[in-house]
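Here is how names work: the chains are called A, B, and so on, in the same order as the sequence lines, proteins then strands, and each is numbered from 1.
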Amino acid sequence: MKILFFAQLGEQLGKSLEFPSSSTITVSQLREKLSEQYPLHQEQIQACMVAINQSYATNNTRIKPDDTVALIPPVSGG
Amino acid sequence: MYAIIKEPIDVGKVISSVLDPNCGGICTFMGTIRELTQGKKTLYLEYEAYEEMAEKMLQQIGNEVLEQFDCSHVSIVHRIGRLDIGEVAVVIAVSAPHRQAAFEGCRYAIEKLKEIVPIWKKEFGDDGSYWV
């Protein structure tokens, strides 16, 4: 699956990465995996909302291997 | 009209897009770049968006306004990239047969935008830069 990062996370981790996954995982599981991979950014990863294919998801939503997942930090438009 | 753009916003065009002979009121909101925030000076801002999703969310907010208030047309345009003090970051225009719905719909749109639309700003000030 493709993961997109924005704002501070985008600067620190890069704008996008290809995350190896062969089966469906939940948003919670993805948060855990990313937190393990980027322990310094654990707090930010937990604070983000998550969008799958441009729609907001909940922690229980399942992510398929070919989905595009965006980590959405607290927004500040306007 | 729902758009994320990189150029200055044509405010007149956004307002014209909600004109309707059956509407007696148009309410507009403009968000502009403020120099002082709690005594701290901003030099300029840089906005970033998840553009495709942000445009979808603007459309969704417009649909919610039309469903929840007696409004006829909604347009929301947000600018991204570098914006200097006084420049316009967002323009919302809502038309309705009567003014009360126009005010309510416009207020709803900006509050919801600040809650769900994936746009971020980085503030550049005297003391460096940080995401807000």
Side-chain angles (χ1 to χ4, degrees), chain A residues 1-19 21 25-28 30-31 34-35 37-78, chain B residues 2-5 9 28-34 37 42 45-61 63-64 76-81 83 87-92 106-124 128-132:
Chain A
M1 64 188 65
K2 192 176 181 188
I3 316 270
L4 305 176
F5 298 110
F6 295 95
Q8 197 165 13
L9 275 179
E11 281 182 352
Q12 293 168 341
L13 306 182
K15 297 269 181 206
S16 76
L17 72 91
E18 199 56 48
F19 195 77
S21 73
I25 59 168
T26 65
V27 168
S28 288
L30 177 67
R31 280 187 205 276
L34 288 173
S35 298
Q37 194 168 333
Y38 303 106
L40 295 176
H41 301 91
Q42 189 176 349
E43 221 168 288
Q44 284 165 278
I45 290 166
Q46 296 299 334
C48 282
M49 292 193 278
V50 170
I52 302 172
N53 303 328
Q54 302 176 12
S55 293
Y56 284 112
T58 67
N59 276 331
N60 298 323
T61 311
R62 304 195 73 86
I63 310 167
K64 296 191 289 297
D66 58 346
D67 284 339
T68 296
V69 181
L71 264 71
I72 312 275
V75 303
S76 54
Chain B
Y2 301 99
I4 304 291
I5 64 171
I9 301 172
T28 62
F29 175 83
M30 290 198 293
T32 55
I33 310 305
R34 178 180 56 235
T37 300
T42 298
L45 297 181
E46 263 177 26
Y47 283 88
E48 176 186 332
Y50 181 10
E51 292 179 48
E52 306 88 339
M53 180 173 170
E55 286 188 345
K56 271 176 62 174
M57 290 298 120
L58 294 181
Q59 171 92 54
Q60 181 187 314
I61 291 169
N63 291 343
E64 288 173 10
I76 311 174
V77 179
H78 202 299
R79 184 178 168 192
I80 57 171
L83 273 82
E87 288 196 290
V88 178
V90 61
V91 178
I92 298 174
C106 191
R107 179 70 192 258
Y108 177 90
I110 183 61
E111 300 301 340
K112 195 82 193 212
L113 181 151
K114 284 180 161 287
E115 209 178 295
I116 68 164
V117 181
I119 298 175
W120 303 271
K121 61 184 162 222
K122 191 176 189 180
E123 212 169 291
F124 292 78
S129 66
Y130 44 93
W131 290 95
V132 290

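For a residue to count as touching a neighbouring chain, one of its non-hydrogen atoms must lie under 4.5 Å from one of that chain's; by this rule B/Lys114 touches chain A with backbone and side chain alike. Contacts between B/Ile116 and chain A at a heavy-atom distance below 4.5 Å involve backbone atoms as well as side-chain atoms. Contacts of B/Lys122 with chain A are made by side-chain atoms alone, with heavy-atom separations under 4.5 Å and no backbone atom involved. Contact of A/Pro73 with chain B is made through backbone and side chain together, with heavy-atom distances under 4.5 Å. With a 4.5 Å cut-off on non-hydrogen atoms, B/Glu115 touches chain A through its backbone but not through its side chain. Of the two parts of B/Ala49, only the backbone, made up of N, CA, C and O, holds a non-hydrogen atom closer than 4.5 Å to a non-hydrogen atom of chain A. Looking at B/Glu48, only its side chain comes within 4.5 Å of chain A, counting heavy atoms on both sides.
Residue-environment remark: CZ (B/Arg107) stays at or below the threshold of 12 foreign heavy atoms within 6.0 Å. Atom NZ of A/Lys15 sits in a crowded spot, with more than 12 heavy atoms from other residues, nucleotides or ligands closer than 6.0 Å. More than 12 heavy atoms of other residues, nucleotides or ligands shown are found within 6.0 angstrom of CD on A/Glu18.
Between B/Tyr50 atom OH and A/Leu4 atom CG the span is 5.0 Å, to the nearest 0.5 Å. Atom NZ of B/Lys56 sits about 4.5 Å away from atom CD of A/Gln54, to the nearest 0.5 Å. Here CD of A/Gln44 is found 12.0 Å from CH2 of B/Trp131. Values are rounded to the nearest 0.5 Å.
Interface summary for chain A: among B/Val90, B/Val117, B/Ile80, the most heavy-atom pairs under 4.5 angstrom belong to B/Val117.
In terms of heavy-atom proximity, A/Val75 sits nearest to B/Leu113 at CG2-O, 4.5 Å.
B/Tyr47 places a side-chain N or O within donor-acceptor distance of the main-chain N or O of A/Gly78, the cut-off being under 3.5 Å.
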**OP:** Please report the C-alpha distance between A/Tyr56 and B/Met57 in whole Å, then the side-chain angles of each, then the deciding distance to 0.1 Å, and finally whether the side chain to side chain contact (heavy atoms under 4.5 Å, CB included) criterion is met.
**Re:** CA-CA 10 Å; A/Tyr56 284 112; B/Met57 290 298 120; 3.9 Å; yes
